Engineer: 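Following this message is one structure expressed as structure tokens.
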Amino acid sequence: VYIIGGDGTHKGIMKLAQAIKDKKLKIALVGVPKTIDNDIQIIDYSFGFSSAVEAAVKAIDSGNVEANCAENGIGLIKLMGRDVGHIAMHASLASRDVNVCLVPEFKFDLDGEKGLLKYIFEERLKKKGHCVIAVAEGAALGVRDRKTT
């Protein structure tokens, strides 16, 4: 039996495999990984990753338009990526409009001399008048100087 899916599906496959083993049935199970997050170490690209990046680029384009339509406008685009920021990173590179890309893999400070807020308000907005920020949903894991929940 071929089973295609993500984390939950593969946890289910393990339970099913144990039940098959317990009943001494002759059934082979094959788990095929499918995750748009592209966070599987042994493969280059997973099913759905390219289309997820394409959709993210469209969202970034919209955020860029909105940011440019207002003085000191900020386009904040939240993208999928609870544990990894591959979609946010690839979409940011593909769009070429993103000024800040926040992903769970990299630590950053919000405050302070080298903090993100100082960069956005004192560097980016003063010089260019707008800022586009792509944020993977798990990026809060990277904040060093504030408690996050």
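Given the structure is predicted, the values throughout are model-derived calculations rather than measurements. Index from 1, following the sequence.
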Engineer: Enter the distance from Asn64:CG to Cys69:SG here, rounded to the nearest 0.5 Å.
Structural biologist: 9.0 Å

Engineer: Where is the tightest heavy-atom contact between Cys131 and Val100, given as atom of each residue plus distance?
Structural biologist: SG-CG2, 4.3 Å

Engineer: With a cut-off of 6.0 Å (strictly less than), are more than 12 heavy atoms of other residues, nucleotides or ligands near CZ of Arg82?
Structural biologist: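 It does not: Arg82 CZ has 12 such atoms or fewer within range.
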
Engineer: I would like to know whether Phe108 and Val143 meet side chain to side chain contact (heavy atoms under 4.5 Å, CB included); could you show each step before the answer?
Structural biologist: CA-CA 5 Å; Phe108 62 94; Val143 178; 3.4 Å; yes

Engineer: Only one of Ser62, Ser95, Ser92 passes side chain to side chain contact (heavy atoms under 4.5 Å, CB included) with Val57; say which it is.
Structural biologist: Ser95

Engineer: For a salt bridge (charged side-chain N to carboxylate O under 4.0 Å, His left out) check, start with the C-alpha distance between Glu123 and Lys127, then their side-chain angles and the critical distance, and finish with the verdict.
Structural biologist: CA-CA 6 Å; Glu123 297 291 324; Lys127 292 179 181 174; 3.0 Å; yes

Engineer: With side chain to side chain contact (heavy atoms under 4.5 Å, CB included) as the criterion, how do Leu125 and Ile74 come out once you've worked through the C-alpha distance, each side chain's angles and the decisive distance to 0.1 Å?
Structural biologist: CA-CA 9 Å; Leu125 292 178; Ile74 296 176; 4.1 Å; yes

Engineer: Are Tyr2 and Ile27 connected in the hydrophobic side-chain network, where two residues link if heavy atoms are under 4.5 Å apart?
Structural biologist: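 Shared cluster, no.
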
Engineer: Roughly how far, to the nearest 0.5 Å, is CG of Leu93 from NE2 of His90?
Structural biologist: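 Answer for the NE2-CG pair, His90 versus Leu93, is 7.5 Å.
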
Engineer: Would you give the length of the straight line joining atom CG of Leu102 to atom CG of Leu141, rounded to the nearest 0.5 angstrom?
Structural biologist: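 CG of Leu141 is found 12.0 Å from CG of Leu102.
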
Engineer: Is it true that a side-chain atom of Glu137 and a backbone atom of Leu79 form a donor plus acceptor pair closer than 3.5 Å?
Structural biologist: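 Checked: no pair found.
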
Engineer: Treat each ILVMFWY residue as a node, draw an edge where side-chain heavy atoms are under 4.5 Å apart, and state whether Val103 and Val84 are in one component.
Structural biologist: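 Different clusters.
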
Engineer: If hydrophobic clusters are built by linking Ile, Leu, Val, Met, Phe, Trp and Tyr wherever their side-chain heavy atoms come under 4.5 Å apart, do Leu110 and Ile133 end up in the same one?
Structural biologist: yes

Engineer: Taking CD in Glu71 as the centre, count heavy atoms belonging to other residues, nucleotides or ligands within less than 6.0 Å. Is the count above 12?
Structural biologist: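 No, not enclosed.
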
Engineer: When you group the ILVMFWY residues by side-chain heavy-atom contacts below 4.5 Å and let the links chain together, are Leu116 and Val135 in the same group?
Structural biologist: yes

Engineer: Apply side chain to side chain contact (heavy atoms under 4.5 Å, CB included) to the pair Leu16 and Ile20, showing each step before the final yes or no.
Structural biologist: CA-CA 6 Å; Leu16 185 58; Ile20 289 170; 4.1 Å; yes

Engineer: How about CG on Asp22, more than 12 heavy atoms from neighbouring residues, nucleotides or ligands closer than 6.0 Å, or not?
Structural biologist: yes

Engineer: Dump the intermediate steps for side chain to side chain contact (heavy atoms under 4.5 Å, CB included) on Asp111 and Leu117, then the final yes or no.
Structural biologist: CA-CA 6 Å; Asp111 302 309; Leu117 295 175; 3.6 Å; yes

Engineer: Any idea which heavy atoms bring Thr9 and Ile4 closest together, and the distance?
Structural biologist: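 Closest approach of Thr9 to Ile4, heavy atoms only: CG2-O, 4.0 Å.
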
Engineer: Would you compute the distance between atom CD of Glu122 and atom CD of Glu113 and round it to the nearest 0.5 angstrom?
Structural biologist: 8.0 Å

Engineer: Honestly curious: do Met14 and Leu25 fall in one hydrophobic cluster under the side-chain, below-4.5 Å linking rule?
Structural biologist: no

Engineer: What distance do His130 atom NE2 and Ile120 atom CD1 have between them, rounded to the nearest 0.5 Å?
Structural biologist: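 So the gap between those two atoms works out to 12.5 Å.
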
Engineer: How close do Gly85 and Pro104 get, counting heavy atoms only, and between which atoms?
Structural biologist: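 For Gly85 versus Pro104, the nearest heavy atoms are N-CD, 3.7 Å.
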
Engineer: Just verifying a value: how many Å separate Ile87 CD1 and Cys101 SG, rounded to the nearest 0.5 Å?
Structural biologist: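 With rounding to 0.5 Å, CD1 (Ile87) is 11.5 Å from SG (Cys101).
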
